[in-house]
Participant: 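First, the structure itself, so that you have it in front of you.
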Amino acid sequence: MIRQETLESLLEDDVLTSRMPDVGLLTRYWRDGCPHGEPICMSFGETWTQVAPGLVTRVTSEPRHVHGYQLSMYGLPALRRAVRDYLIDDHGLDSVAEAGRDFEVAVTWSGTRSAMSDFGRLLLDRGGFWPRTPVVVAAGPSWDYEGVLAPLGYRVHYHALRPERGFRPSLDDVHALLGRIEANPEEQLALIVINAQHNPTAVNWDPDFVSSLIRIAMDRKAAILVDDAYFAVHDEGVPATSALQLLLRELTGRRDPDARTRWLAVRSLGKQFHCNGWGLGAMAADPAILDLLVNRYRLHHSLMYGGVHQHAMADWLRAPESGQFLRNQQRLYTEKRRFIGEFMKTRLHYPEGAVHLGEATSYIMFAAPKEYASIPEGLDRFKADCFRDTGVLFAPAWPWPYDAHAAHHLPYLRMFIGADFDAIRVALRRLADAGFYYDARAHHSRTAKRRMGVDVVGIGT
């Protein structure tokens, strides 16, 4: 739950703070005095209050020099080395590759989004696309790869993740999409995105599928972006598929030397330790490519800052308690998914196939209630009605800034479950008390019914 004083500090200003729809809803709710209690934000992946305790205490014990500009574009050396060791251990890279020869690691301190943008610019500068439009292939629903890459001149196409197959990706769909791209004389495949712990569908992709996707990209001389934002965020006992390990393994048998220069892997540290605002993460690539990315492209928009947080993270990653924090978090995700699935089935009348709990990331997927799925702009209406009547905020499967009603429309919502367990319990009880059931809304107000175009003596009365 977001405390009122937190909302006030984040939102009170005399300018429009953000065009994100959630911000507008939260602002109005706060100004109305939080009529249903503190809001519970289960839409985008943020808690504001759950940074790992052992990590945040390290911010108060930093040496003075970390407050100034740093001297390495690769990040604070202590953190860079810690992150490199962390990736090698976490992904089992020792068995497939050698650091410094097959890959190198740098720190990001302004988010992995900027690293993706720099990689997109580097690929364009290396040429070979004009006069055709370079195309990015990603799985949909999706994180905002389009917002990063489309402004650079890329076109983004999606292979669909469908609820009827549990949102698991299909090679048949990938091949069909690639066939359409290859048949279009105005397009050329440029980049394939691999997000193996998939945001927002919560599916841990099968290693065979990921390996096939890597080979497809390499065979077509397309670049690969490995987005490991949620690699360590999964249920207890889930063996997270390492796209980075599979990629490096595939490279060892490739005779095409240029294949080694056409990939980038990024990993967020904020998602797993609840410190998104620090902007810290890792990027790995061929050593020469990484040098270009950090010493040329990064320099276009960023100098060497963020030493305080980098120093704290370096110490934290090497501490045993960071691993224990993740193990406890994974256990909680397992328990949360089990609780949510049972509650939605028994209290909110959801059939088995309408709730997809998944096993990775901090999200689950659930179908829009029937009443909302059958009307125009139903997802937005459900989101607005639910927040107005309960103070609980959800997001469409295709979250902002995507248009939820565009060609890739999917009548599902995502639920962020990284919030405190008690907040999740309260949120679901509020939905039940307000009658937000899957099969019928139980307690519409008369004004809400008229706004929905539903007869006052209609459903749920």
Participant: Do Tyr412 and Trp398 have their ring centres less than 6.0 Å from each other?
Facilitator: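 Ring centroids of Tyr412 and Trp398 are no less than 6.0 Å from each other.
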
Participant: Could you tell me if Tyr29 and Glu38 have a donor-acceptor pair between their side chains, going purely by distance under 3.5 Å?
Facilitator: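 There is no such pair (donor and acceptor under 3.5 Å, judged by atom type) between the side chains of Glu38 and Tyr29.
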
Participant: Suppose we screen for side-chain hydrogen bond (donor to acceptor under 3.5 Å, both in side chains). Which residues come up paired with His91, at least two apart in sequence or across chains?
Facilitator: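 In terms of side-chain hydrogen bond (donor to acceptor under 3.5 Å, both in side chains), with neighbours along the sequence ignored, His91 is linked to Ser242, Arg267.
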
Participant: Can a side-chain donor-acceptor contact be found between Thr108 and Thr112 if the only test is distance below 3.5 angstrom?
Facilitator: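 No - no donor-acceptor pair under 3.5 Å links their side chains.
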
Participant: Please tell me if the side chains of Leu332 and Phe421 come closer than 4.5 Å, counting only heavy atoms from C-beta onward.
Facilitator: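 Of all side-chain heavy-atom pairs linking Phe421 with Leu332, at least one is under 4.5 Å.
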
Participant: Which residues satisfy the ring-ring contact (aromatic ring centres under 6.0 Å, His included) test with Phe416, sequence neighbours excluded?
Facilitator: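 ring-ring contact (aromatic ring centres under 6.0 Å, His included) list for Phe416, sorted by chain: Tyr363.
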
Participant: Does Arg414 qualify as a cation-pi partner of Phe394, given the criterion of NZ or CZ under 6.0 Å from the six-membered ring centre and within 45 degrees of its axis?
Facilitator: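 No, Arg414 does not sit over the ring of Phe394.
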
Participant: Write out all pairs satisfying salt bridge (charged side-chain N to carboxylate O under 4.0 Å, His left out) with one or both partners inside residues 16-27, taking only residues at least two apart or from two chains.
Facilitator: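 Sorted pair list: Asp22-Lys383.
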
Participant: Indicate yes or no: at least one non-hydrogen side-chain atom of Leu280 is less than 4.5 angstrom from one of Gln310.
Facilitator: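 The answer is yes, as the side chains (C-beta and beyond) meet within the 4.5 Å cut-off.
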
Participant: Would you check, one step at a time, whether the test salt bridge (Lys or Arg N to Asp or Glu O under 4.0 Å) holds for Arg388 with Asp385?
Facilitator: CA-CA 5 Å; Arg388 182 197 64 232; Asp385 285 357; 2.9 Å; yes

Participant: Give the C-alpha distance, both sets of side-chain angles, the deciding distance and a yes or no for side chain to side chain donor-acceptor pair (under 3.5 Å) between His274 and Glu46.
Facilitator: CA-CA 7 Å; His274 292 282; Glu46 182 56 84; 5.8 Å; no

Participant: Check whether any side-chain heavy atom of Ile214 lies under 4.5 Å from a side-chain heavy atom of Ile194, and answer yes or no.
Facilitator: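 Yes, close enough: below the 4.5 Å cut-off.
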
Participant: Can Gln70 and His65 be counted as having a side-chain donor-acceptor contact under 3.5 angstrom?
Facilitator: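 Judged by distance alone, the side chains do not pair up.
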
Participant: May I ask you to check whether Trp109 and His309 place their ring centers less than 6.0 Å from one another?
Facilitator: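 Ring centroids of Trp109 and His309 are no less than 6.0 Å from each other.
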
Participant: Does the cation-pi check pass for Lys336 over Phe339, that is, NZ or CZ under 6.0 Å from the six-membered ring centre and within 45° of its axis?
Facilitator: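 No, Lys336 does not sit over the ring of Phe339.
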
Participant: Could you walk me through whether Phe387 and Leu26 pass the side chain to side chain contact (heavy atoms under 4.5 Å, CB included) test, one step at a time?
Facilitator: CA-CA 9 Å; Phe387 189 59; Leu26 286 166; 3.8 Å; yes

Participant: Could you pull out all residues at least two apart from Tyr230 that satisfy side-chain hydrogen bond (donor to acceptor under 3.5 Å, both in side chains)?
Facilitator: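 Tyr230 satisfies side-chain hydrogen bond (donor to acceptor under 3.5 Å, both in side chains) with no residue once adjacent residues are dropped.
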
Participant: I'd like to know if Glu104 and Arg81 make a salt bridge, using a cut-off of under 4.0 Å between side-chain N and carboxylate O.
Facilitator: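 Salt bridge absent between Glu104 and Arg81.
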
Participant: Quick one: does any side-chain atom of Asp208 pair with a main-chain N or O of Val210 as donor and acceptor, under 3.5 Å?
Facilitator: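 The answer is no, because no donor-acceptor pair under 3.5 Å joins these two groups.
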
Participant: Under the ring-ring contact (aromatic ring centres under 6.0 Å, His included) test, which residues partner Phe44, sequence neighbours left out?
Facilitator: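 Testing Phe44 for ring-ring contact (aromatic ring centres under 6.0 Å, His included), a comparison that skips the adjacent residues, returns Trp48.
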
Participant: Is the distance between the ring centroids of Phe273 and Trp316 less than 6.0 Å?
Facilitator: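 Phe273 vs Trp316: aromatic centres under 6.0 Å.
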
Participant: May I ask you to decide whether Asp286 forms a salt bridge with Arg260, counting only side-chain N to carboxylate O separations under 4.0 Å?
Facilitator: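 No, no charged N to carboxylate O under 4.0 Å.
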
Participant: When you check the gap from the basic side-chain N to the acidic O, do Arg80 and Asp85 get nearer than 4.0 Å?
Facilitator: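 No, Arg80 and Asp85 are not salt-bridged.
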
Participant: Tell me, please, whether Phe103 has Arg101 positioned over its six-membered ring: NZ or CZ under 6.0 Å from the ring centre and within 45 degrees of its axis?
Facilitator: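 Judged by the rule (NZ or CZ under 6.0 Å from the ring centre, within 45° of its axis), Arg101 is not positioned above Phe103.
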
Participant: What about the rings of Tyr350 and Tyr437, do their centers lie closer together than 6.0 Å?
Facilitator: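 That pair fails the under 6.0 Å test.
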
Participant: Salt-bridge test for Arg168 and Asp206: reply yes if a basic N is under 4.0 Å from a carboxylate O, no otherwise.
Facilitator: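 No, Arg168 and Asp206 are not salt-bridged.
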
Participant: Using only heavy-atom distances, determine whether the side chains of Arg327 and Gln324 contain a donor-acceptor pair under 3.5 Å.
Facilitator: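 Per modelled atom types, Arg327 and Gln324 side chains form a pair under 3.5 Å.
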
Participant: Using salt bridge (Lys or Arg N to Asp or Glu O under 4.0 Å), reason through Arg113 and Asp144 one step at a time and then give a plain yes or no.
Facilitator: CA-CA 9 Å; Arg113 189 181 185 97; Asp144 186 31; 2.7 Å; yes

Participant: Is any side-chain heavy atom of Leu303 closer than 4.5 Å to a side-chain heavy atom of Leu299?
Facilitator: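 Yes, side chains in contact.
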
Participant: Mind checking ring-ring contact (aromatic ring centres under 6.0 Å, His included) for His301 and listing every partner two or more places apart, or none if nothing turns up?
Facilitator: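 Not a single residue meets the ring-ring contact (aromatic ring centres under 6.0 Å, His included) criterion with His301.
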
Participant: For His311 and Arg58, does a side-chain donor sit closer than 3.5 Å to a side-chain acceptor?
Facilitator: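 No, no side-chain donor-acceptor contact under 3.5 Å.
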
Participant: Under the criterion side chain to side chain contact (heavy atoms under 4.5 Å, CB included), I'd like the reasoning laid out for Ile40 against Leu393: C-alpha separation, chi angles, the key distance, then a yes or no.
Facilitator: CA-CA 6 Å; Ile40 304 176; Leu393 188 59; over 6 Å; no

Participant: Can you tell me if Asn295 uses its side chain to pair, donor with acceptor, with the backbone of Met73 under 3.5 Å?
Facilitator: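 No, because the side chain of Asn295 does not come within donor-acceptor range (under 3.5 Å) of the backbone of Met73.
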
Participant: Which heavy atom in Asn204 sits nearest to a heavy atom in Pro239, and how many Å separate them?
Facilitator: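 Closest approach of Asn204 to Pro239, heavy atoms only: ND2-O, 3.2 Å.
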
Participant: Carefully, step by step, assess Arg425 and Glu335 under the rule salt bridge (Lys or Arg N to Asp or Glu O under 4.0 Å).
Facilitator: CA-CA 12 Å; Arg425 293 188 183 98; Glu335 294 174 3; over 6 Å; no

Participant: Do Ile192 and Val174 make a side-chain contact, defined as non-hydrogen atoms from C-beta onward lying under 4.5 Å apart?
Facilitator: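 Of all side-chain heavy-atom pairs linking Val174 with Ile192, none is under 4.5 Å.
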
Participant: Below 4.5 Å, heavy atoms only, C-beta onward: do Glu236 and Tyr333 meet side chain to side chain?
Facilitator: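 Not touching, per the 4.5 Å side-chain cut-off.
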
Participant: Asp118 vs Arg298, test: salt bridge (Lys or Arg N to Asp or Glu O under 4.0 Å). Steps then yes/no.
Facilitator: CA-CA 7 Å; Asp118 289 346; Arg298 172 179 282 174; 5.4 Å; no

Participant: Do Ser114 and Ser302 have side-chain heavy atoms sitting under 4.5 Å apart?
Facilitator: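 No, side chains not in contact.
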
